[in-house]
Amino acid sequence: MSKKESFLVNRIKSVGYAFKGAIYLIRTEASVKIQVFCAIAITIAGFYFNISKTEWTFQVICIGLVMSLEGMNTAIEGIADFIHPERHDAIGKIKDIAAGAVFIAAICAAIVALVIYVPKIF
């Protein structure tokens with residue numbers, strides 16, 4: 001019988017797997033690369049314009065939400081392609097819905113960015 005690993009060891013392994021997944025997502029997905037670029041640019045803008053703590057909070061939440069949803073979208077697409085590799089209308093609809101969720105979050109993030117930065121620029 002094998003010895004069960006401790007809770008702490010399991011949590012450390014889980015964080016390692018999550019980090020590995022995030023790196024894989026950034027390296028392999030073109031849309032995530034664009035989002036990382038945007039996140040870096042908007043973070044630089046935040047320092048340049050000296051945004052408030054509240055504005056930072058909204059900005060970080062928006063960046064995290066869009067990138068997290070993009071990861072979920074990628075996972076859903078991967079599962080859908082694994083289950084049904086050939087073109088299928090139902091699978092296409094599922095993938096479109098997942099992409100739509102990312103789109104909605106990205107639009108909301110863009111609106112938040114406009115609310116934060118337009119008054120500072122003009």
Side-chain angles (χ1 to χ4, degrees):
M1 187 185 305
S2 65
K3 181 181 172 190
K4 186 175 179 182
E5 293 177 332
S6 72
F7 176 79
L8 182 60
V9 169
N10 283 330
R11 295 303 59 126
I12 291 169
K13 283 184 176 181
S14 292
V15 170
Y17 297 140
F19 183 76
K20 180 179 167 184
I23 295 300
Y24 179 80
L25 184 65
I26 292 167
R27 285 186 177 166
T28 62
E29 292 298 314
S31 56
V32 174
K33 290 177 185 178
I34 293 166
Q35 291 164 1
V36 167
F37 173 79
C38 291
I40 291 168
I42 205 78
T43 300
I44 291 168
F47 285 114
Y48 179 80
F49 289 107
N50 195 29
I51 63 176
S52 71
K53 289 180 183 178
T54 303
E55 291 167 331
W56 273 113
T57 300
F58 281 107
Q59 182 167 296
V60 169
I61 289 169
C62 286
I63 290 168
L65 179 64
V66 171
M67 292 184 72
S68 296
L69 279 173
E70 188 62 58
M72 293 304 297
N73 179 47
T74 300
I76 289 167
E77 287 181 355
I79 291 169
D81 290 343
F82 179 78
I83 292 171
H84 207 292
E86 54 278 347
R87 172 132 174 62
H88 189 276
D89 288 341
I91 294 294
K93 185 176 181 180
I94 290 165
K95 292 166 79 171
D96 290 347
I97 291 168
V102 178
F103 179 72
I104 290 167
I107 294 296
C108 291
I111 291 168
V112 169
L114 289 172
V115 168
I116 292 172
Y117 292 105
V118 165
K120 294 175 184 339
I121 295 170
F122 298 107

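Just so it is clear, the values below take in all heavy atoms, side chains as well, and ignore hydrogens, waters and symmetry mates.
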Euclidean distance, Ile91 CD1 relative to Ile79 CD1, rounded to 0.5 Å:
10.5 Å

Where is the tightest heavy-atom contact between Leu25 and Met67, given as atom of each residue plus distance?
CD2-O, 4.4 Å

Do the side chains of Val102 and Met72 get nearer than 4.5 Å, heavy atoms only?
no

If every non-hydrogen atom of Lys33 is compared with every non-hydrogen atom of Thr28, which pair is closest and at what distance?
CE-N, 4.5 Å

Could you report the tightest heavy-atom contact between Trp56 and Thr43, atom names first, then the distance?
CH2-O, 3.5 Å

CZ (Arg87) and CG (Asp81) are apart, to the nearest 0.5 Å, by 11.5 Å

side-chain hydrogen bond (donor to acceptor under 3.5 Å, both in side chains): which pairs involve residues 7-18, sequence neighbours left out?
Glu5-Lys13, Arg11-Ser14

Going from OG1 on Thr74 to CD on Glu29, what distance comes out if it is rounded to the nearest 0.5 angstrom?
4.0 Å

What one should report as the nearest heavy-atom pair of Ile42 and Tyr117 is O-OH, 3.2 Å

For atom CZ of Phe49, decide whether the heavy atoms of other residues, nucleotides or ligands shown that lie under 6.0 angstrom number more than 12.
yes

Set of salt bridge (Lys or Arg N to Asp or Glu O under 4.0 Å) partners for Asp96, sequence neighbours left out:
none

Can you hop from Phe37 to Phe103 via hydrophobic side chains spaced under 4.5 Å?
no

Could you state the interatomic distance from CD1 (Ile63) to SG (Cys38), rounded to the nearest 0.5 Å?
9.5 Å

Which atom names give the shortest non-hydrogen contact between Leu69 and Ala101, and what distance separates them?
CD1-O, 3.7 Å

Looking only at heavy atoms, the pair that brings Pro119 and Val115 closest together is CD-O, 3.3 Å

In terms of hydrophobic clustering (I, L, V, M, F, W, Y; side-chain heavy atoms under 4.5 Å; direct or indirect links), are Ile26 and Ile40 co-clustered?
yes

Do you reckon Val15 sits in the same ILVMFWY cluster as Ile12, going by side-chain contacts under 4.5 Å, direct or chained?
no

Do Ile51 and Ile121 share a hydrophobic cluster (ILVMFWY, side-chain heavy atoms under 4.5 Å, transitive)?
yes

Measure the spacing between CD of Glu55 and NZ of Lys120 and express it to the nearest 0.5 Å.
4.0 Å

Linking I/L/V/M/F/W/Y whenever their side-chain heavy atoms sit closer than 4.5 Å, directly or via other members, would Phe47 and Val118 fall into one cluster?
yes

Working note: Val32 + Val36, criterion side chain to side chain contact (heavy atoms under 4.5 Å, CB included); need CA distance, chi angles, decisive distance, verdict.
CA-CA 6 Å; Val32 174; Val36 167; 4.2 Å; yes

